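Below you'll find the structure, written out as structure tokens, and then a few comments.
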Amino acid sequence: MIRVLLADDEAMVRAGVRAILDSGGETDVVAEAGDGREAVELARAHRPDVALLDIRMPRLDGLAAAEEIVRTVPGTAVAMLTTFSERAYVARALSGGATGFLLKSGDPYELIAGVRAVAGGAAFLSPKVARYVIEGLGDGRLSREAQARARVADLSPREREVLGLVGAGLSNPEIATRLHLVEGTVKAYVSSVLDPLGVRNRVQAAIVAYEAGLVEDGGGVSGVPRNGLAPGR
């Protein structure tokens with residue numbers, strides 16, 4: 001079971017999200033928080049697999065709470081669940097270490113798939129959010145492509161292969177299956193490429209893979225499909 005911390009200042013919203021997650025049969029909501037500070041405290045206490053956070057909450061907003069959880073509870077993946085899809089929110093969430101950004105207006109299956117993806121070590125963005133990210137990549141794209149190719153140049157062939165699969169949205173178990181490796185080895189490869197690339201998490205690594213040309217248009221390795229940053233299964 002995927003252990004989830006759910007944080008939203010509206011009890012009715014928490015009840016609805018819990019019901020959707022329960023319907024998937026794969027998650028267990030181990031704690032609920034009504035504000036950002038409580039979310040951080042409960043994340044430290046319960047160490048869930050996923051912290052699912054609203055953005056606008058009292059005492060500490062969800063973006064600041066996400067940064068604090070990423071910093072102090074490294075085993076917990078963070079996903080934002082919000083009605084707000086402004087680019088500034090998306091950029092801060094991803095730069096702060098969140099690996100999921102979901103919209104409350106999305107399909108319930110999207111919520112279940114997103115929690116499953118980030119729990120498995122992949123990244124997941126709602127389609128509308130993914131479009132913002134891809135459009136952002138288009139601004140000054142040629143310059144960033146050159147920079148990204150330079151950043152991956154010193155990686156080993158296997159590290160580039162793993163990076164491409166990260167960019168294609170595959171989780172560590174899926175990469176292990178694809179490359180016939182054990183999951184621990186894949187995890188070590190993923191960790192080893194973050195520092196040389198100058199990135200903090202899988203989403204940022206996926207963007208570098210995309211800009212460096214390690215991902216084909218169809219989502220295969222040549223990692224970010226043109227329509228998102230994670231498999232939409």
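Values below: all heavy atoms of this structure, side chains included; hydrogens, waters and symmetry mates excluded. Since the model is a prediction, treat every value here as computed from it, not as a measurement.
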Please tell me if the side chains of Asp54 and Lys104 come closer than 4.5 Å, counting only heavy atoms from C-beta onward. yes
Atom pair CG/CD of Leu155 and Glu161 - distance to nearest 0.5 Å: 12.5 Å
Note: Val78 and Ala66 closest approach over all heavy atoms is CG1-CB, 3.6 Å
Pair Arg18, Glu32 - check salt bridge (charged side-chain N to carboxylate O under 4.0 Å, His left out), show working. CA-CA 9 Å; Arg18 177 190 278 269; Glu32 294 187 20; 2.7 Å; yes
Contact summary for Ala212 and Ala148, nearest pair of heavy atoms: N-CB, 3.6 Å
What heavy-atom pair brings Ser171 and Gly120 nearest, and what distance separates the two atoms? CB-O, 3.1 Å
Go through it in stages, so that I can follow the logic: the residues are Arg92 and Asp61, the test is side-chain contact (heavy atoms from CB on, under 4.5 Å), and I'd like the CA-CA distance, side-chain angles, deciding distance and then a yes or no. CA-CA 12 Å; Arg92 182 177 167 191; Asp61 68 56; 4.2 Å; yes
Does Asp8 reach the side chain of Val17, with side-chain heavy atoms less than 4.5 Å apart? no
Do other residues, nucleotides or ligands put more than 12 heavy atoms under 6.0 Å from the CE atom of Met12? no
Ser156 side-chain N/O to Glu159 backbone N/O, donor-acceptor pair under 3.5 Å: yes
Indicate, with yes or no, if Val50 and Leu42 share a hydrophobic cluster defined by side-chain heavy-atom contacts under 4.5 Å among Ile, Leu, Val, Met, Phe, Trp and Tyr. no
Find the distance between CD (Glu183) and OG1 (Thr177) and round it off to the nearest 0.5 Å. 8.5 Å
Quick one: are Pro48 and Val4 in side-chain contact, heavy atoms under 4.5 Å? no
Which pair of non-hydrogen atoms, one from Ala39 and one from Leu53, has the smallest distance, and what is that distance? CB-CD2, 4.1 Å
Using side-chain heavy atoms (C-beta onward) and a distance below 4.5 Å, is Val152 in contact with Leu197? yes
Take Arg44 and Glu41, measure what salt bridge (charged side-chain N to carboxylate O under 4.0 Å, His left out) needs, and give me the verdict at the end. CA-CA 5 Å; Arg44 291 170 178 166; Glu41 294 168 354; over 6 Å; no
Given side chains that start at C-beta, do those of Phe101 and Ile55 come closer than 4.5 Å, heavy atoms only? yes
Note, Arg151 side chain near Val208 side chain (heavy atom, < 4.5 Å): yes
My understanding is that only one of Asn172, Val118, Leu163, Leu194 makes a side-chain contact (heavy atoms from CB on, under 4.5 Å) with Arg202; could you say which? Asn172
With rounding to the nearest 0.5 Å, note down the distance linking CG in Asp28 to CD1 in Ile2. 10.5 Å
Within the distance-only criterion (no hydrogens, no angle test), does the side chain of Gln204 pair as donor or acceptor with the backbone N or O of Leu94 below 3.5 angstrom? yes
Please check if Val73 and Leu60 belong to a single hydrophobic cluster, counting links between Ile, Leu, Val, Met, Phe, Trp and Tyr side chain heavy atoms closer than 4.5 Å. yes
Min side-chain heavy-atom separation Thr76-Leu5 under 4.5 Å: no
Say you draw a straight line from CG of Leu125 to CG of Leu103; how long is it, rounded to the nearest 0.5 Å? 9.5 Å
When rounded to the nearest 0.5 angstrom, what is the spacing between CG in Leu63 and CZ in Arg56? 10.0 Å
Could you go step by step and tell me if Tyr189 and Leu181 meet the side-chain contact (heavy atoms from CB on, under 4.5 Å) rule? CA-CA 11 Å; Tyr189 273 121; Leu181 299 171; 4.3 Å; yes
In Å and rounded to the nearest 0.5 Å, what is the CE to CG distance from Met80 to Leu102? 10.0 Å
Is Met57 reachable from Val13 through a run of I, L, V, M, F, W or Y residues, each pair having side-chain heavy atoms under 4.5 Å apart? no
So do Glu174 and Leu165 actually touch side chain to side chain, heavy atoms under 4.5 Å? no
Do side-chain atoms of Ser23 reach the backbone of Ile20 as a donor and acceptor pair under 3.5 angstrom? yes
Heavy atoms of Val203 and Ala98 approach each other most closely as CG2-O, 4.0 Å
Asp9 versus Pro58, closest heavy-atom pair with distance: CB-CD, 3.6 Å
